[in-house]
Amino acid sequence: MAKQEKEFVKEITPQSEDYSQWYLDVILKAQLMDYAPVKGCMVIRPYGYTLWENMQQRLDKRIKETGHLNAYFPLFIPESLLQKEADHVEGFAPEVAWVTHGGNEKLTERLVVRPTSETIICEMYSRWIQSYRDLPVLINQWCNVVRWEKTTRPFLRTSEFLWQEGHTAHRNEEEAEEETLKMLEVYRDFVENDLAIPVIAGRKTEKEKFAGALRTYSIEALMSDGKALQAGTSHNLGEHFARVFDITYLDKDGELKYVWQTSWGVSTRLIGALIMVHGDDRGLVLPPLVAPTQVIIVPIAPKKAQAEVLAKAQELYNELKEAGVRVEMDDREEYSPGWKFNEWEMKGVPLRLEIGPRDLQAGVAVLARRDTGEKETVALEELAERVPALLTEIQKNMFAKAKRFMEENTHRTDDYEEFKQIVAEKRGFVISSWCGSDACEQAIKEETKATIRNIPFHLQDEKPGNCLYCGKDGKHLVYFARSY
RNA sequence: CGGGGUGUAGCGCAGUUUGGUAGCGCACUUGGUUUGGGACCAAGGGGUCGCAGGUUCGAAUCCUGUCACCCCGACCA
């Protein structure tokens, strides 16, 4: 059976053989993307883009439900604006793309292609905000950003990528902190419930925080090769940007104060996470809530029964569509049913509906789940009810499976030798005690390539042991992992 | 940016050692037979051998340079 399976998907390198190659095979064969003629840039093909649109739609809804409005700020940022916040420039300078000419004329001031929009948005906020009555400002934008990366990987790290960046301004620290955590929670909810990816929410260390932020929080996911991936970040920017951009307001008490700001974002990198958390040797496995196609109907239509089978298939298609299911029919004559099964499995469609002459006789259809491979026979009149129920079950099962994997690959030790062995051999997350010093964090990173992913909220109340590295009193329990 | 590898038809590869008419499988086109896990027969189409120089009567093959991609390391959503 295993050998047979291998043959069906000969175009995809097995994960066990070469995980990176598997990842590349899957995204190319499933037509999520293709390489563009510009280094580090990719074309997101219709199937991949539809997936992105579905993700976008569901997250956008949550962003709006929490009181934010979308806006659009320019792609170009004058050099002088980027320069204003010292830590920020230092963080982004090595990877910005510059515009030096307009047509044939050299610009008097160079422009950067936005690597993120804090500076240009702050510039505008300083004009818009005068009074406490103008606060809070709650704005989000969906856009592309450019970071000139040295090494790139499709979806995980590309020179240009699509994302959403929220930028808010508040009266004080409490409000800003509340917003920062609220949006992190929005991300957690979205990623866990819609993408079926379990995450660890927590605070980033000083070393790992965003350039220019006071505090950075993240959600971290575990890929099926045991490496971690940052799936979303939310920053409390403090008054840093307000001070350099002079964003002040007159408060109720008559005093002029700086605003407190936040920013938060998730990107097309989430598509990479989706692939690596759920994918298998047959290709993609997509969660029903965001899958471009939720159900693919494959009619099995030999000549003598062709008309009847196709008519019934069309009827079922209409019925499911009516029931609000994203359903497609593959009635191409040039491909055999077996070929189609493999094709749609590669593309990660959650549910396949097979209907042929035998089923027609019996008044049933066959449903095949992508997540478990299980098939079941369902009476035709029950399909409109059974299909949505199954999709819900698949969504749940995918999350449960991923969560089990994450738990099974989360280790715990304060012994450095054991830690090193786990990181090298088993990978996954390692929960350890840490004294809070940059030196220990840095040394561990250099010696093991594992970094502190975050200081998790869920272990905040637990007392840490001795620091993994120096043996002094631990300050925090933290998640370590090698990461993308 | 360092170390390693690969560039020959859309994809996967052989041919390069020893220079001599550019091949194989899949995919594609046409016709026919097929259809419950990548169907079969027949006939076709498609390549300035990554690019640029050089050596030679003659270069996929030898020499020099260059570019792209992949893998592994330093920076990042």
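Numbers restart at 1 for each chain; the letters A, B, ... are given by sequence-line order, proteins then strands.
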#### Entry: Partner nucleotide, any strand, of C24(B) [Watson-Crick/G-U, under 3.5 Å]
G12(B)
### Message
When both hydrogen-bonding distances must be under 3.5 Å and the geometry is Watson-Crick or G-U wobble, what is C49(B) paired with, if anything?
### Response
none
#### Entry: Side chain Lys150(A) and base G73(B) donor-acceptor under 3.5 Å
no
### Message
Any base atoms under 4.0 Å from Gln230(A), or only sugar-phosphate, or nothing? Heavy atoms, all strands.
### Response
sugar-phosphate
### Message
By the 4.0 Å heavy-atom rule, please label Ser267(A) as base, sugar-phosphate, or nothing.
### Response
base
### Message
Looking at G36(B), which nucleotide sits across from it as a Watson-Crick or G-U wobble partner, both distances under 3.5 angstrom, or is there none?
### Response
none
### Query
Salt-bridged, Lys312(A) to Glu315(A), with N to O below 4.0 Å?
yes
### Query
Reckon Asp359(A) touches a base, only the sugar-phosphate, or nothing at all at heavy-atom distances under 4.0 Å?
base
### Message
If stacking means aromatic ring centre less than 5.5 angstrom from the base's six-membered ring centre, planes under 30°, is Trp163(A) stacked on A77(B)?
### Response
no
### Task
Please measure how far the C1' atom in U61(B) lies from the corresponding atom in G15(B), and state the result in whole Å.
9 Å
### Task
Tell me what Thr158(A) touches on the nucleic acid: a base, only sugar-phosphate, or nothing, going by heavy atoms under 4.0 Å.
base
## Note on the structure
Taking a pair to mean Watson-Crick or G-U wobble geometry with both distances below 3.5 Å, G7(B) pairs with C67(B)
### Query
With a 4.0 Å cut-off on heavy atoms, is Gly356(A) in touch with a base, just the backbone sugar-phosphate, or nothing at all?
base
### Message
Distance check, P atoms only: G46(B) and U29(B), in whole angstrom units.
### Response
15 Å
### Query
Looking only at N and O atoms, is any donor in the side chain of Arg157(A) or the base of C76(B) less than 3.5 Å from an acceptor on the other one?
yes
### Query
Across the strands shown, which category fits Phe210(A) at heavy-atom distances under 4.0 angstrom: base, sugar-phosphate, nothing?
nothing
### Message
At 4.0 Å (heavy atoms only), tell me whether Lys445(A) reaches a base, stays on the sugar-phosphate, or touches nothing.
### Response
sugar-phosphate
Donor-acceptor pairs under 3.5 angstrom involving side-chain atoms of residues 206-216 of chain A: please list them, not counting sequence neighbours.
residue, atom, partner, partner atom, Å
Glu206(A), OE1, Lys209(A), NZ, 3.0
Lys207(A), NZ, Gln442(A), OE1, 3.3
Lys209(A), NZ, Ala213(A), O, 3.1
Lys209(A), NZ, Leu214(A), O, 3.4
Arg215(A), NE, Glu177(A), OE1, 3.3
Arg215(A), NE, Tyr217(A), OH, 3.4
Arg215(A), NH2, Glu173(A), OE2, 2.8
Arg215(A), NH2, Glu177(A), OE1, 3.1
Thr216(A), OG1, Phe210(A), N, 3.0
Thr216(A), OG1, His235(A), ND1, 2.8

### Query
What is the nucleic acid contact for Pro357(A), judged by heavy atoms within less than 4.0 Å: base, sugar-phosphate only, or nothing?
base
### Query
Between C76(B) and Tyr484(A), is there an OP1 or OP2 to side-chain N/O distance shorter than 4.0 Å?
no
### Query
Paired with A59(B) by Watson-Crick or G-U wobble geometry, both distances under 3.5 Å: which nucleotide is it?
none
### Query
With the sugar-phosphate defined as primed atoms, P, OP1 and OP2, and the base as all remaining atoms, what B/S/- string results for nucleotides 28-35 of chain B, 5' to 3', for protein heavy atoms under 4.0 Å?
S-----BB
Please set out all donor-acceptor pairs under 3.5 angstrom arising from side-chain atoms of residues 287-306 of chain A, sequence neighbours excluded.
residue, atom, partner, partner atom, Å
Gln294(A), OE1, Arg326(A), N, 2.8
Gln294(A), NE2, Pro288(A), O, 2.9

